[in-house]
Structure formats: C-alpha cells, structure tokens
Amino acid sequence: MKNRKLIYSKITFLLGLVLVLAGCERELSEEYKLAGFSKAGEIFIDGFTGGLDYFPYADSYQEAFSVDTETKYDGSASMRFDVPNVGDPNGAYAGAIFRLETGRDLSGYDALTFWAKGTRAGVINDIGFGQDFFENKYQTNRSIQLTSNWRKYIIPIPDPAKLVQERGMFWYAEGPENGEGYSFWIDELQFEKLGTIAQPQPAIFNGADKTDGGFVGVDFAVTDLTQTFNTGSGSNITVNAAPSYFSFKSSNEDVAFVNESGIISVVSEGTSKITATLGGVLANGSLELTSTGSFDLAPTPTRDASKVISIFSDSYTNVPVDFFNGYWEPFQTTLSSDLTINGNNMINYSEFNFVGNQFANPTVDASQKSNVHINMYIPNSVPADMDFLITLVDFGADKADGGGDDTREQIFFDKSLWVADTWITLEFPITMTNKNNIGLIIYENINFSSLSNWYLDNVYFYED
C-alpha cells in the first residue's frame, strides 16, 4: 500500500447534526455518551449521511471523486471515482477516506456492502473501512475485481464487537490499470447485517508456522493478518485485518511479549511461541522465536566525514534516499523492517532474494570517491550455498534508471567472507568509468543461494 499524507483541507458534504441540549445543567455520563453513538449503517444512499467528511490523500489526484446523477445503480445518484493515467502531474492515483467526527456503533452489522462497476474491468487495489488518519485501529480492506456491469461487493467485518465507536466509514486507493486511467462508480454504500457471514478463519503470518531468531531489544511485527469468512454464495472472502482485532499470546513472556498493535518485544534469551485469536477463534499461523541475547551493533565508522558520501549511517549525514526496498514486482520477495537499538538504526531484510537502495533525487556524484563501504550481518548460520552479488548502477547523463546510458559494476562475494552472528565489512573499489550519477545499489542472491535473513548498516562511498 502507498504511503499517504493527510491534507488539511476537508470537504464536508452535509452539515452535521446539531445537538441541542436545553435546560441541562449536569454533564452527560460516559454510559449515556456510549449509548448515544448512532447505529445507522448508511453511508451513501443517493447522498451522504450527515457529518461525513472527505479527505483525499495528499499525493493522490485531488479531483478524483464526484457525485454522479447520470450513472447510478439505484435511486438518483452514485459516487464516481476517476483514476488518473500514469504520469498525470495532478496525481499518480486516486485515494481518499470518508470519516465521521464522532463515530458510529457498528457492532450490529457484519459487513460493509456496496454496488460497483467500472468503465472497464480492473482490480481496485485497496478498499475498505476503519481508516481515520488517527489510530486506524480497526482498519480493514480487500481488493475487488470490477466489471463493466453493476455487481454487489461484500467486505466482512473481522469482529463486529470491536466497532462500538468507529469513525472511518470508507476508504479506497486505486492506480491506473496497465498504465491507463479509468472511472468506476459505487452506489448503495452501507453497513449491513447479512446473516450469511460465517465460519471465521483468522490467520497471522499468512497462516504459516514460522521460526525465527531474535535479539534482546529488537522488536518484530506480527505480519500478514487476515480474516476469512464463508458467505451465503458458498465462496470465501478474505480481508486484511488490523492487529487490534486480534488477541496475541506469548508462550513465555519472560522472553518476548506482544502488545495490542502486534509488536513483539524481545526481553531476554530463550524461546517463545507467538499465537493469536480473533473473536475467540484460534488464528492459523504462529512464530517460534528464539532469542540469543543482546544484539551486537555494527562497528562505528571512523573516517573523516569530509571524505564520505553516506547513503545509510548514523555516523554521517545521509543523502536523500528514495527507498531502501523498492518492492520490485513481480519477482521480488524481500521484505524489510527498520530497527533501532540504543539509538543505532539498521535495516533487516527477510525472505530475501534481491533488493535495492535507490538515491536518484538527486543522484550521487562519486567521481572523487574511490571505494564503497557496507556492513552486513547474518544471524544464526551462513547458508552453505551462499552466493552474493552487489551491483552499483550509474544512471548516466539523463539521471534516469534505464534511460539508455546506464553503466553497472558488479561485485561477487562467496560464503567464505561471512561468519554467523558477526558484523562483517565489505569494502571494494568503484571501477566504473562513469560514477558521477550513481543512483542505485542492488543486493542479490545468485546461483540459487538460500540466504533469507540479514541486516544492513553503514553504506557509504569514501575516498582513500
């Protein structure tokens, strides 16, 4: 999902309800306030319910949404969304949330439902509810396959009992299909009690039973949380569910414990198994975590800062970086997480096959630098078949990746350089003729190497 920033200009569709309290001298009790949350399920039925605010994402196409009185499923109006073309200077995608200032009690419903169609077939990447730009505590979403005909869609609520004061009524994010923009419509948007949402099958870690190593002071996130229901049609629908829907359990909290946000904190040596339930149902998937104690930090660089161009290090001022993990589709599997231990930042790569660090805005002029420095740490054991490649890419005069004038330097490393649970230093010369527009470093498993988990720190160019 794309990173998004809230813009602080909201469009209020209808005036909120005005609560008039006449002759009341006492403050309302908390019980009264809770009882007073609206239980209405309607969001858009020929128009918006009162008090609903529209917040487009800051980097999205701001004019993507409109009310359409010509094309509709039923009644007099529908919601229309215009997705921009690739490269549109007004925004790369369409996306927004629809939020209430107070909230509703949705515990009596089991799904968000709506009718939708598009000008063409396409997949809406993210659509759901629970996003409010605050905690997003009960964010829920799925992708849906649009057709050019009206069709009803269902987004089940992972655990309705949690939604007693929900503000995030609806959100979506969608980009161009095959590089081209298109339009889609949504109508009859509401929460419903269908009564056909059954057989819950929650999961963490995509239902896999995982094992991993950890260190004291290093936090992990429980990832790939989903809830699956069988519906009245007999098919299953799976939604992505926020951690707050789940109750997490550690088999040994003296080793590791999990908070309500799904963050696992490792506190001592030993082994603990992390599991979860959702609505009283045991989730598929688990993590057996073995902590080997404290984590050793990478060696602190000592080179003069005036001789260094730093990409990633706490010892120097870093250049602007576009990303440390580009998530290149469709073949990349590598996941990444940022770790901070005693004020020292590092990156952990897991499920590794290849990954890139890009710094193209601006590119780096390393014409006066002779070498590259990288610190790397492999936990637990070094794979017997490890074969590792690092590639430097200079983007050429056009300063664009793949612009036709790129040059590359590749450096091959074998397993003899590494010792498990030890920071090693990789230093090698920059041999490219062109090195004044370097914009990318790629790390890669080659020759079927099975390295899957490692840490990165202190990436910089330097002169002797």
Side-chain angles (χ1 to χ4, degrees), residues 3 210-223 243 248 250-274 287-325 334-352 355 357 359 372-382 390 417-427 441 443 451-462:
N3 292 324
K210 301 180 64 176
T211 59
D212 205 348
F215 304 92
V216 174
V218 178
D219 292 343
F220 292 77
V222 181
T223 59
F248 299 100
S250 168
S251 66
N252 189 345
E253 292 195 344
D254 291 333
V255 173
F257 62 88
V258 194
N259 67 16
E260 67 172 7
S261 298
I263 302 301
I264 306 167
S265 297
V266 182
V267 292
S268 70
E269 293 185 32
T271 298
S272 179
K273 186 174 183 178
I274 308 302
L287 172 64
E288 186 175 278
L289 181 64
T290 300
S291 167
T292 55
S294 299
F295 188 85
D296 293 328
L297 300 179
T300 301
T302 58
R303 288 190 171 90
D304 186 338
S306 65
K307 297 183 178 182
V308 168
I309 298 176
S310 180
I311 307 302
F312 181 73
S313 177
D314 293 306
S315 298
Y316 304 109
T317 300
N318 299 317
V319 300
V321 175
D322 303 324
F323 55 75
F324 290 103
N325 187 346
T334 307
L335 304 176
S336 60
S337 58
D338 300 326
L339 301 178
T340 301
I341 301 177
N342 296 328
N344 185 278
N345 297 287
M346 65 199 78
I347 301 171
N348 175 220
Y349 292 117
S350 58
E351 300 184 30
F352 172 73
V355 72
N357 306 158
F359 36 93
V372 180
H373 173 105
I374 295 170
N375 283 127
M376 186 171 170
Y377 182 105
I378 299 176
N380 302 321
S381 63
V382 178
I390 297 178
L417 293 172
W418 280 273
V419 176
D421 300 321
T422 302
W423 284 100
I424 61 103
T425 298
L426 303 177
E427 290 188 334
I441 302 176
Y443 313 91
L451 175 65
S452 63
N453 187 29
W454 58 282
Y455 296 81
L456 176 71
D457 202 354
N458 297 320
V459 180
Y460 59 83
F461 304 101
Y462 69 92

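When each of S310, S313, S315 is paired with N458, the side chain to side chain donor-acceptor pair (under 3.5 Å) condition holds for S313 and for no other.
Remark: F220 engages no residue in a ring-ring contact (aromatic ring centres under 6.0 Å, His included) (not counting sequence neighbours). Applying the side chain to side chain donor-acceptor pair (under 3.5 Å) criterion to D219, with sequence neighbours excluded, gives S265. For Y316, the ring-ring contact (aromatic ring centres under 6.0 Å, His included) criterion is met by Y460, not counting sequence neighbours. When the side chain to side chain donor-acceptor pair (under 3.5 Å) test is applied to T422, no partner is found at least two apart in sequence or on another chain. In terms of the side chain to side chain donor-acceptor pair (under 3.5 Å) criterion, residue partners of N453 (sequence neighbours excluded) are, by chain and number, N348.
Taking 4.5 Å as the limit, some side-chain heavy atom of L297 sits within range of a side-chain heavy atom of M346. At a threshold of 4.5 Å between non-hydrogen side-chain atoms, the residues L289 and V255 do not count as touching. T211 places none of its side-chain heavy atoms less than 4.5 Å from the side chain of T290.
Taking the six-membered ring where the residue is Trp, Y455 and Y377 present perpendicular rings, their angle passing 60° and hence far from 30°. Relative ring orientation between F352 and W454 is described as perpendicular, the plane-to-plane angle rising above 60° on a 0-90° scale split at 30° and 60°. Ring orientation note: the planes of Y443 and Y349 are tilted relative to one another, at an angle of 30° to 60°.
Here salt bridge (Lys or Arg N to Asp or Glu O under 4.0 Å) pairs that include residues 300-310, with residues two or more places apart or in two chains, are R303-E427.
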Inset, instruction - Give the intermediate values and the outcome of side-chain contact (heavy atoms from CB on, under 4.5 Å) for residues V319 and I311. - result: CA-CA 6 Å; V319 300; I311 307 302; 3.7 Å; yes
